[in-house]
There are 2 protein chains.
Amino acid sequence: MSVTYREVKADILRQITRGELSPGSAMPNEVDLAASYGCSRATVNRAMRELAEDGIIERRRKAGTRVRRNPIRHVRMNIPIVGQEIEDLGAAYRYALVQCKAEPAPNWLRARMALKHDDRVLHLTCMHYADGAPYQHEDRWINLSALPEAEQTDFTNVGPNEWLVSTVPFTDAQISFHAVAANAAISDYLECTEGDALFQTERMTWLEGRTITFVQLTYRRGHRVTMQY
Amino acid sequence: MSVTYREVKADILRQITRGELSPGSAMPNEVDLAASYGCSRATVNRAMRELAEDGIIERRRKAGTRVRRNPIRHVRMNIPIVGQEIEDLGAAYRYALVQCKAEPAPNWLRARMALKHDDRVLHLTCMHYADGAPYQHEDRWINLSALPEAEQTDFTNVGPNEWLVSTVPFTDAQISFHAVAANAAISDYLECTEGDALFQTERMTWLEGRTITFVQLTYRRGHRVTMQY
DNA sequence: TTACACCTTATGTCTATATCTTTCAGGATC
DNA sequence: GATCCTGAAAGATATAGACATAAGGTGTAA
């Protein structure tokens, strides 16, 4: 095969990192690049499209392509299932259901999940252990109007996350990360001191516009989330 | 134009979310799909390639394409420059340099940055304010062996991040998120109580294998990082 | 039975060409 | 001078056809 889109992409990227193409400068158009690389326009297009997706360059019809002044930095972060996460650490995973109760949605939750006034939710509290030590505390609410079968499900052995993934895969979600001080209950579950700084994740999940579940995941002391780019 | 790759992608995704294509099941090959959609193979290929990138399906030469049992969930997270981040909130941004000192690298830093024994670093402490209120505390070390020009740079008006982005764009990095308790110094800078749970980001940056900089960014109380997928 | 070579198949990529879409720029009109 | 129209430029995408590559499957030989 002749010149691949990977070679073109790598070559352009090399020129940029070496400073031969400086930030803000305009690049030749696709036709000219194809001619200079001795390949077809489609090949150049794919290379350039990927560079644009990577936030390295900026493309606009008619205006042409230029090297970004402030490259968009983004990371791709995997959202693991907690059991998987723990086993990947080489630790033994254990799950325990603490509480499971169907109830009317409290006001703060109704607002956050955009529930109707009489919607009911299933409130679950669970613990996840790594090698016997507390790893993650899970506080979850499932919208029973959207997923009535949750009420008949037994969560003593199967975690709600696992059940949800197999029941309603391919959902949309919003995730947020922040720090919280451990309250009395959490510090008890996670075997830490009240007031300890803990890493917490919140996740809201939708399926075709309907709110399915809201979950707060609080991690043991010292937990880190790490990413590359 | 006839059938677009977006339409094909959307249609396949719809079939999957509706359960018409169940997790684990095999899909028709590209030639057959192209025939059934009445488009060319390249069009189907692009739709399927993107679905695979999105972690929805799994493709293997010869073995064919199947719907993932456990879809890979990932988010694409933008790493903003703090000034940008604050202005996007609609607040006024202010930067202040607290301290800037060239010094031999302490042991813990030498280990983390993989520095040589006699490498020197530039240690910077800065504050970032939103509408006059403390927003982020920055503790940064720059490897002077890799970037000697940093020692002659005046950081009183230009933040080190901004300077680095314009001096060495397009680097590799590792980022981690976690929670920390505010120590005496930090609580003073961020105007919070000692022991408060704060969100902290650490970032290590490389250029062509050389460690450039390590930074700890500590945010004001209640800071959240939010993402969609 | 195991190991290896070989064939087949599905995806991966390139070429060449064409059309579509967005958007900038210049000119006509009010 | 402001507004609207129109043409052209450049990227976005579709097509048909070809070859490349990886890997499952099968048959043969050890």
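The chains referred to below are lettered A, B, ... by the order of the sequence lines, with proteins before strands, and numbering in each begins at 1.
Residue pairs meeting the side chain to side chain donor-acceptor pair (under 3.5 Å) criterion with at least one member in residues 76-94 of chain A, sequence neighbours excluded, are A:Arg76-B:His74, A:Gln84-A:Asp88, A:Glu85-A:Tyr135, A:Tyr93-A:His128.
Shown here are the salt bridge (Lys or Arg N to Asp or Glu O under 4.0 Å) partners of A:Asp119, two or more places apart in sequence or in another chain: there are none. With sequence neighbours left out, B:Tyr229 forms a ring-ring contact (aromatic ring centres under 6.0 Å, His included) with no residue at all. Qualifying ring-ring contact (aromatic ring centres under 6.0 Å, His included) partners for B:Trp163, counting only residues two or more places apart in sequence or in other chains: B:Phe155. Under the salt bridge (Lys or Arg N to Asp or Glu O under 4.0 Å) criterion, A:Arg210 pairs with no residue, sequence neighbours left out. The side chain to side chain contact (heavy atoms under 4.5 Å, CB included) search around A:Glu162 returns A:Val158, not counting sequence neighbours. Remark: B:Arg49 engages no residue in a salt bridge (Lys or Arg N to Asp or Glu O under 4.0 Å) (not counting sequence neighbours). The salt bridge (Lys or Arg N to Asp or Glu O under 4.0 Å) test applied to B:Arg66 returns no partner, not counting sequence neighbours.
Applying a 4.0 Å cut-off to non-hydrogen atoms, the residues of residues 62-74 of chain B that approach DNA chain C are B:Lys62, B:Gly64, B:Thr65, listed by residue number. At a non-hydrogen distance threshold of 4.0 Å, B:Cys39, B:Ser40, B:Arg41, B:Ala42, B:Thr43, B:Arg46, B:Arg60 from residues 35-60 of chain B come into contact with DNA chain D. Contacts between residues 23-33 of chain B and DNA chain D, defined by a heavy-atom separation below 4.0 Å, involve no residue at all.
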Give the intermediate values and the outcome of side-chain contact (heavy atoms from CB on, under 4.5 Å) for residues A:Leu164 and A:Arg140. CA-CA 11 Å; A:Leu164 282 162; A:Arg140 183 184 291 273; 3.2 Å; yes
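When each of A:Arg61 and A:Tyr5 is assigned the nucleotide of DNA chain C bearing its nearest heavy atom, the one mapping closer to the 5' terminus is A:Tyr5.
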Would you tabulate the side-chain donor-acceptor contacts of residues 32-41 of chain B under 3.5 Å, counting partners in other chains and residues two or more places apart, or write 'none'?
unit_1: B:Ser36; atom_1: OG; unit_2: B:Leu33; atom_2: O; d: 3.0
unit_1: B:Tyr37; atom_1: OH; unit_2: B:Asp11; atom_2: OD2; d: 2.5
unit_1: B:Ser40; atom_1: OG; unit_2: B:Ala42; atom_2: N; d: 3.4
unit_1: B:Ser40; atom_1: OG; unit_2: B:Thr43; atom_2: OG1; d: 3.3
unit_1: B:Arg41; atom_1: NE; unit_2: B:Glu30; atom_2: OE1; d: 2.8
unit_1: B:Arg41; atom_1: NH2; unit_2: B:Glu30; atom_2: OE1; d: 3.1

